[in-house]
Undergrad: 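Please read through the structure below; I'll follow up with questions.
Predicted model only: the values in this text are computed from it and were never measured.
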Amino acid sequence: MKTAFATFLTALLTLSTTTLFAERFPDASWTEKPDPYASPYAVPGGTLTYAGNNPPKSFNGYLDNNTFTMMIFGLMYPSLLGTDPLTGDVAPGLADWWEISDDKLSYTFHIDTRARWSDGSPITAEDVKATFDAVTAPKSLSGQFKVLFAALSSPEIIDSNTLRFPCKEKHWRNLISAGLSLYIMPKKLLDDAKAKCRAEGRDEELYFNDLNFDLPIVGGPYKVTEHKEGLSMTMTRRPDWWCFGTPSGRGVYNFDTIRIRFFMDQNNAYEAFKKGEVDTYSVYSARVWNTESVGERFEKNWVVKQNVHNHQPIGFQGLAMNLRRKPYDDVRVRKAVAMLFDRRRMVRTLMYNAYFMQNSYCTDLYDAAHPCTNTLFEFNPDAAVALLKEAGFQINPQTGKMERDGAPFIIRILTRSSSDSVYLALFKEALERIGIGLEISQKDFATWMRETGKYNFDVTTGAYSGSLFRDPEPMWSSTHSETPNGVNLTGFHSPEIDALIEQQKSEFSTSKRNDIMRKIDGMLTEAVPYALTWNTDSTRMLYWNKFGTPDTVFGRFGDEMSIPVYWWYDADSARELKEAMREGLPLPGRTTEVYFDDVIDATSGGACNH
């Protein structure tokens with residue numbers, strides 16, 4: 001009788017903590033539907049050959065946190081939740097429902113019972129817990145993810161498909177962190193890596209750092225089937241992926257094979273594209289777009305040229321100044337550097353006026369109702385010299401060099417791209433006029449990642465994508481200014497911004513958080529951790545005319561990284577392309593400037609190019 005009562009009491013307590021004092025999502029009216037941007041004409045098959053950037057140092061996105069690696073990682077390992085393609089809100093993913101406690105300190109997820117790993121075994125709560133514990137382990141080199149998961153405690157397993165994340169603090173990000181940022185890996189894979197460490201007599205706590213390229217068990221639509229280190233990789237579609245049997249799995253992830261060739265130099269990547277050795281090319285050079293994307297293959301529409309304007313969040317880029325080192329710990333020096341960077345001249349003379357000048361770290365948070373009033377640092381050598389004098393620098397009349405305490409001021413920039421040297425030549429010219437030196441150290445991507453991960457630089461180039469869920473903490477909180485391999489690249493710290501970061505943690509209203517973010521943004525712009533440069537609000541794409549795409553080309557919030565989701569190989573178009581090239585004939589053109597909202601208004605969604 002005691003045992004039966006204890007069992008009943010345990011069940012009652014479990015029920016009360018997961019349902020009676022929690023709100024369940026999605027609500028009862030929600031039904032699973034096909035992705036509105038997935039074409040009913042899409043058919044599985046064919047190969048997509050990508051032009052990748054620098055070879056990843058790992059296929060494990062927790063260890064190599066860059067955009068391209070995360071695309072690869074996301075094709076192999078699912079997150080508990082997804083995002084609604086129409087609204088950008090969280091939606092079911094690996095978990096078919098979730099609950100949030102009334103006090104916002106507990107998040108419960110239920111894993112879809114249909115979910116399977118590639119070896120046929122079910123995806124369970126044990127896998128989720130094992131992944132979280134591995135990523136957050138002290139010796140795991142998972143940098144930014146430790147910041148994202150800092151407010152979460154290790155999940156408690158309720159049953160084989162249900163688990164609860166207790167939270168250390170109330171934070172709006174907790175749902176995003178647990179639901180979208182935690183990519184679930186199989187416990188078996190993690191256990192095998194740990195056992196291998198033990199067998200080899202190595203520190204068992206380092207096991208997660210060994211999971212780089214050999215990832216034989218996956219839970220997503222693709223798995224890596226070939227890897228030629230430094231050269232290429234091949235991913236193969238899993239026809240047995242459990243989601244293909246659901247409404248949301250229709251018409252997506254259509255390519256049988258995705259082949260990625262890595263190029264250290266984007267000029268080489270473009271040459272390979274023109275030869276037809278790769279199928280798509282994302283254009284980040286105004287010169288390539290304006291002067292090199294011409295000729296027969298473009299005029300006859302063998303290659304499609306499209307500039308896509310949608311609602312993709314806008315990131316930022318600029319020169320990151322290391323506040324941990326002198327003289328960049330002085331805001332006057334940082335402002336002077338920004339005023340000596342003649343970006344308007346660079347964009348005008350080198351980039352065909354294709355970009356806007358950035359004066360914000362979150363450009364898309366501003367609109368007519370919220371105009372941006374941040375300072376736009378213009379080229380102003382006289383003002384820069386005045387600021388440097390305030391900071392203790394002066395021009396030595398004998399040498400003509402800008403000095404402080406007898407030492408010349410030399411700006412040393414760590415870069416990872418040869419193309420940086422073109423616009424930096426104009427920067428050097430401006431600096432030399434007032435006696436400042438410029439030294440450029442170009443490294444390969446792996447070396448650049450290693451050096452910036454250790455913050456071993458004075459100034460470096462930095463570029464970041466935007467996010468639907470903006471969290472200022474990882475990049476701007478002083479708490480994370482010394483976190484190895486973190487994203488607070490500049491070592492920025494400000495008590496005032498720290499206070500605003502704390503304030504926004506408990507604000508669950510997106511509009512109110514955006515108000516706080518705009519305050520932070522204004523303060524950051526005045527603090528100048530980056531000399532902001534330029535940006536664009538569109539994605540420029542070139543691709544051989546043998547693919548079907550949505551009329552919107554990407555989804556509402558997507559860019560070229562979403563090509564594997566929505567595009568498909570069109571055998572008829574491929575045949576027509578081959579015939580047209582053989583006979584020298586033109587193909588029907590496609591719209592060059594694609595505006596998402598206009599397409600949706602015209603088609604009510606669902607139309608496609610094929």
Side-chain angles (χ1 to χ4, degrees), residues 32 34-35 37-52 56 59-61 67-79 82-83 85 93-94 112 114-123 183-186 189 213-228 231-262 277-280 543-544 546-550 553-555 558-575 608-610:
E32 186 177 6
D35 189 310
Y37 308 117
S39 172
Y41 299 100
V43 292
T47 296
L48 168 70
T49 303
Y50 253 124
F59 293 155
N60 184 342
T67 304
F68 203 81
T69 301
M70 289 309 300
M71 182 198 77
I72 295 169
F73 195 56
L75 291 172
M76 295 191 290
Y77 296 106
S79 54
T83 53
L94 182 59
D112 194 314
R114 298 170 294 181
R116 293 290 185 275
W117 294 113
S118 56
D119 66 357
S121 61
I123 301 177
Y183 294 83
I184 312 307
M185 302 178 75
L189 191 66
F213 299 110
D214 186 17
L215 303 171
I217 306 173
V218 300
Y222 287 90
K223 66 185 302 183
V224 176
T225 50
E226 183 182 55
H227 176 217
K228 296 178 180 178
L231 297 175
S232 67
M233 64 176 292
T234 300
M235 305 188 79
T236 301
R237 186 178 187 266
R238 294 180 50 220
D240 61 344
W241 183 45
W242 68 276
C243 273
F244 284 139
T246 70
S248 61
R250 296 172 191 161
V252 295
Y253 303 110
N254 302 299
F255 294 106
D256 275 348
T257 306
I258 299 174
R259 186 165 181 260
I260 303 167
R261 289 185 57 189
F262 301 116
E277 295 173 358
V278 295
D279 295 322
T280 68
Y543 58 95
W544 287 93
K546 57 182 179 179
F547 299 108
T549 76
V553 184
F554 309 125
D559 59 10
E560 69 271 18
M561 297 300 169
S562 63
I563 289 174
V565 181
Y566 294 120
W567 290 23
W568 69 98
Y569 177 80
D570 188 319
D572 291 338
S573 294
R575 185 185 65 256
C608 64
N609 282 305
H610 66 98

Undergrad: Contact between Met76 and Tyr183 at the side-chain level, heavy atoms closer than 4.5 Å - yes or no?
TA: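 No, side chains not in contact.
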Undergrad: Can you find a side-chain donor-acceptor pair between Tyr566 and Asp35 that sits under 3.5 Å?
TA: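 Their side chains do contain a donor-acceptor pair, which is all the 3.5 Å distance test asks for.
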Undergrad: What residues form a salt bridge (Lys or Arg N to Asp or Glu O under 4.0 Å) with Asp279, not counting sequence neighbours?
TA: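 Salt bridge (Lys or Arg N to Asp or Glu O under 4.0 Å) check on Asp279 returns Lys546.
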Undergrad: List in chain and number order the residues that pass ring pair (Phe, Tyr, Trp, His ring centres under 6.0 Å) with Phe59, two or more places apart in sequence or in another chain; answer none if no residue qualifies.
TA: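 Phe59 satisfies ring pair (Phe, Tyr, Trp, His ring centres under 6.0 Å) with Phe213, His227 only.
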Undergrad: With Tyr77, which residues qualify under ring pair (Phe, Tyr, Trp, His ring centres under 6.0 Å), at least two apart?
TA: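 Tyr77 satisfies ring pair (Phe, Tyr, Trp, His ring centres under 6.0 Å) with Phe73 once adjacent residues are dropped.
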Undergrad: Apply side chain to side chain contact (heavy atoms under 4.5 Å, CB included) to Asp240 and list each qualifying residue two or more places apart in sequence or on a separate chain.
TA: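 Residues passing side chain to side chain contact (heavy atoms under 4.5 Å, CB included) with Asp240: Arg238.
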Undergrad: Mind checking salt bridge (Lys or Arg N to Asp or Glu O under 4.0 Å) for Arg259 and listing every partner two or more places apart, or none if nothing turns up?
TA: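 Not a single residue meets the salt bridge (Lys or Arg N to Asp or Glu O under 4.0 Å) criterion with Arg259.
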Undergrad: Sequence neighbours left out, what passes side-chain hydrogen bond (donor to acceptor under 3.5 Å, both in side chains) with Arg261? Give chain and number order.
TA: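 Glu277.
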Undergrad: Do the non-hydrogen side-chain atoms of Leu215 and Val224 ever get within less than 4.5 Å of each other?
TA: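 The answer is no; the side chains never approach within 4.5 Å.
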Undergrad: Counting distance only, does the side-chain N/O of Trp567 pair as donor-acceptor with the main-chain N or O of Val553 below 3.5 Å?
TA: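 Judged by distance alone, yes, a pair lies under 3.5 Å.
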Undergrad: Mind checking ring pair (Phe, Tyr, Trp, His ring centres under 6.0 Å) for Trp241 and listing every partner two or more places apart, or none if nothing turns up?
TA: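 With sequence neighbours excluded, Trp241 shows a ring pair (Phe, Tyr, Trp, His ring centres under 6.0 Å) to Phe244, Tyr253, given in chain and number order.
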Undergrad: Who pairs with Glu32 by salt bridge (Lys or Arg N to Asp or Glu O under 4.0 Å), at least two apart in sequence or on another chain?
TA: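 Testing Glu32 for salt bridge (Lys or Arg N to Asp or Glu O under 4.0 Å), a comparison that skips the adjacent residues, returns Arg114.
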Undergrad: Going by side chain to side chain contact (heavy atoms under 4.5 Å, CB included), name the residues that satisfy it together with Pro78, two or more places apart in sequence or in a different chain.
TA: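 Result, side chain to side chain contact (heavy atoms under 4.5 Å, CB included) vs Pro78: Leu94.
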Undergrad: Measure the shortest side-chain to side-chain distance between Tyr543 and Ile563 over non-hydrogen atoms and say whether it is less than 4.5 angstrom.
TA: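 Heavy-atom side-chain distance check fails, nothing below 4.5 Å.
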Undergrad: With sequence neighbours excluded, what pairs up with Phe255 under the ring pair (Phe, Tyr, Trp, His ring centres under 6.0 Å) test?
TA: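 Partners of Phe255 under the ring pair (Phe, Tyr, Trp, His ring centres under 6.0 Å) test: Phe547.
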Undergrad: In chain order, what residues pass the salt bridge (Lys or Arg N to Asp or Glu O under 4.0 Å) check against Lys223, with sequence neighbours excluded?
TA: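 Lys223 satisfies salt bridge (Lys or Arg N to Asp or Glu O under 4.0 Å) with no residue once adjacent residues are dropped.
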Undergrad: Applying side-chain hydrogen bond (donor to acceptor under 3.5 Å, both in side chains), can you list everything that pairs with Ser121, at least two apart in sequence or on another chain?
TA: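 Here the qualifying residues are Asp119.
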